[in-house]
Novice: 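Below you will find the structure I want to go over with you.
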Number of protein chains: 2
Amino acid sequence: MNKPSFREQVLQAREDAIVDAVNRLLADKGFDAMTVDAVAAEVGIAKASLYKHFESKEALAAAAMVRVLERAQAFCDTEAAALPQPLDRLKAVARWTMHVQWAGEMPSLPAQNSTLRSALVANRDYMDRLMALSERLGEWIEAAQADGALSPEVPAEVVLYTLFSRACDPVLGVLKAGGSYTEEQAISCLLRTCFDGLAAR
Amino acid sequence: MNKPSFREQVLQAREDAIVDAVNRLLADKGFDAMTVDAVAAEVGIAKASLYKHFESKEALAAAAMVRVLERAQAFCDTEAAALPQPLDRLKAVARWTMHVQWAGEMPSLPAQNSTLRSALVANRDYMDRLMALSERLGEWIEAAQADGALSPEVPAEVVLYTLFSRACDPVLGVLKAGGSYTEEQAISCLLRTCFDGLAAR
DNA sequence: GTCTATAAAGCGATAGAC
DNA sequence: GTCTATCGCTTTATAGAC
């Protein structure tokens, strides 16, 4: 592995700036409302230059997803892994995703767009990282089920899907927009709802 | 109130057919991917004729939302109201929304589209029915909190938002697409997750 | 009210000069 | 690799005949 040249570093920095802008726009407006013109404008380059780095709008979205998956994996490897109980690790990850969403840094993609879906499943970077994260979380879920901390009636895959879904739960956005909860209050409340349910214990 | 003329009945039937098509397309592809051309094609009339009935694409979506809100209100007034416990009424409503979603009849709108949001809040029919349903559910939520069935740590409005959110929870679509759960299994599982939480009791 | 035809605008993507 | 300029297509919405 050679040290990257100065030229390569500049290129990498520019691509980071692009992914930054895409991430912000995806979190703010969503995939359909995000225009490639807006991305170019926010980065401060011409649209045609964007297409020298990424071949399509879908590839831009995939790059943003790859980065958030990397951030999630990094959180799992450090802070979450430091907790002794599997259930607490899962809660920590869920809490982290909600903080990311609150900060306006959670790119959420429409599940229904088929063009986008095809591009994502064909994207090696994206799929590899998605599966790596799923496997890591899957281990913790099974461990938590084994020691009786997670409900045995909910299949492991349903737990996993639910965690992904709560990372983009629109309820948090509504609470933030309402303005009557602090970040900590809102997230604690949703975490409780997710793990302990709406019904009294 | 006069009896509607034959002409008015035909018109009403046509508008019902339009709302049917919009509802199906919204549930299937979402608002952004739904084109007015597709609606016209599915109804079997020309696009220009559509605009004689509804003034915009947003108005079409609002009409579909109005109808599902009416259906929800009707369910609340009959089957849910027949249950003695407020918590059971809320569970029945949540279960009903999941059945609607499973059947591909739940029109779900993007929370981020600002043009659509403006049109909806300006739509009297939509807002009136949304508020009527929210009030009805709000009464049951407060009753369930009062008798200790709902967690006192989750504010009533958060419970309400959560119920609306679970009505469009993408997890159900994933489980249906996976094909390894029956409708009853998937919905029971998600209901459990929603009211009892992921953690063991 | 229904149709055909078209206007008007937005957007993803590319050509070609530098 | 970056730019300006533009293509080609889709989509919402409307004009005007019947």
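Remember, predicted model here, so these are calculated numbers, not experimental data. Because only heavy atoms are used, hydrogens play no part in the values below, and waters and symmetry mates are left out as well, while side chains stay in. Every chain is numbered from 1 and lettered A, B, ... according to where its sequence line falls, protein lines coming before strand lines.
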Novice: Is any side-chain N or O of B/T35 closer than 4.0 Å to OP1 or OP2 of D/dT11?
Specialist: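 Checking D/dT11 against B/T35, no side-chain N or O comes under 4.0 Å of OP1 or OP2.
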Novice: Between P on D/dA13 and CD on B/E55, what's the gap in Å once rounded to a whole number?
Specialist: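 After rounding, the reported distance stands at 9 Å.
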Novice: Rounded to the nearest angstrom, tell me the gap between atom CD1 in A/I18 and atom C1' in D/dG1.
Specialist: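 Taking atom C1' of D/dG1 as the reference, CD1 of A/I18 is at 11 Å.
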Novice: Give the rounded distance in Å between these two atoms: CD of B/E58 and P of D/dT12.
Specialist: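 Atom-to-atom, B/E58 to D/dT12, this comes out as 9 Å.
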Novice: Which pair of non-hydrogen atoms, one from B/L26 and one from B/F31, has the smallest distance, and what is that distance?
Specialist: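 For B/L26 and B/F31, the tightest heavy-atom pair comes out as CD2-CA, 3.6 Å.
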Novice: Choose from D/dA13, D/dG1, D/dC3 the nucleotide whose nearest atom is closest to any side-chain atom of A/L11.
Specialist: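 Selected nucleotide (nearest to the side chain): D/dG1.
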Novice: Is there a side-chain polar atom (N or O) of A/R14 under 4.0 Å from OP1 or OP2 of D/dG1?
Specialist: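 No.
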Novice: Could you tell me the separation between the CG atom of B/N113 and the P atom of D/dT11, rounded to a whole number of Å?
Specialist: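 My rounded result for the distance is 16 Å.
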Novice: Please pick, from C/dC3, D/dT2, C/dG12, the nucleotide with the shortest atom-to-atom distance to any side-chain atom of A/V36.
Specialist: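 When the side chain of A/V36 is considered, C/dG12 is the closest of C/dC3, D/dT2, C/dG12.
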Novice: Between B/Y51 and D/dA13, does any side-chain N or O lie under 4.0 Å from OP1 or OP2?
Specialist: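 So the side-chain polar atoms of B/Y51 do come within 4.0 Å of the phosphate oxygens OP1 or OP2 of D/dA13, strictly under.
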Novice: Among the candidates C/dG12, D/dT2, D/dT12, find the nucleotide nearest to the side-chain atoms of A/K47.
Specialist: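 Minimum distance to the A/K47 side chain belongs to C/dG12.
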Novice: In whole Å, I'd like the distance from the CD atom of B/Q12 to the P atom of C/dG1.
Specialist: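 Rounded to the whole Å, the gap is 12 Å.
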Novice: Out of D/dC3, D/dT11, C/dG1, which nucleotide sits closest to the side chain of B/R7?
Specialist: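 The answer is C/dG1, which lies nearest to the side chain.
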Novice: Can you tell me if A/K57 touches the phosphate of C/dG12, counting only side-chain N or O atoms and a distance under 4.0 Å to OP1 or OP2?
Specialist: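 So the side-chain polar atoms of A/K57 do come within 4.0 Å of the phosphate oxygens OP1 or OP2 of C/dG12, strictly under.
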Novice: Select one nucleotide: of C/dA13, C/dC3, D/dT2, the one nearest the side-chain heavy atoms of B/A46.
Specialist: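 Looking only at side-chain atoms, B/A46 lies closest to C/dC3.
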Novice: By nearest heavy atom, map A/K52 and A/D32 onto DNA chain C; which one lands nearer the 5' end?
Specialist: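 Checking each residue's closest nucleotide, the 5'-ward one belongs to A/D32.
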Novice: Between B/V43 and B/A21, which heavy-atom pair has the shortest distance, and what is it?
Specialist: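 Taking B/V43 first and B/A21 second, the nearest heavy atoms are CG2-CB, 3.7 Å.
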Novice: Of the candidate nucleotides D/dT2, D/dT11, C/dC3, which contains the atom at the shortest distance from the side chain of B/I45?
Specialist: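 It is C/dC3.
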Novice: Find the distance A/L25:CG to C/dG12:P and express it as a whole number of Å.
Specialist: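 Rounding to the nearest Å, CG of A/L25 and P of C/dG12 are 11 Å apart.
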Novice: So, B/Y51 and B/E55: side-chain donor and acceptor under 3.5 Å apart, yes or no?
Specialist: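 There is no such pair between these side chains.
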Novice: Using atom CZ of A/F31 as one end and atom C1' of C/dC11 as the other, report the distance to the nearest whole Å.
Specialist: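 Atom-to-atom, A/F31 to C/dC11, this comes out as 12 Å.
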Novice: For B/A94, does its backbone N or O pair with a side-chain atom of B/T97 as donor and acceptor, under 3.5 Å?
Specialist: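 Confirmed, B/T97 side chain pairs with B/A94 backbone.
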Novice: For A/A156 versus A/Q145, what's the shortest heavy-atom pair and its separation?
Specialist: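 That would be N-NE2, 3.7 Å.
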Novice: A/K29 NZ to C/dG10 C1': how many Å, rounded?
Specialist: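 Between C1' of C/dG10 and NZ of A/K29: 13 Å.
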Novice: For the side chain of A/D37, starting at C-beta, report the closest nucleotide among C/dT4, C/dG12, C/dA15.
Specialist: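 Among C/dT4, C/dG12, C/dA15, the one nearest the side chain of A/D37 is C/dG12.
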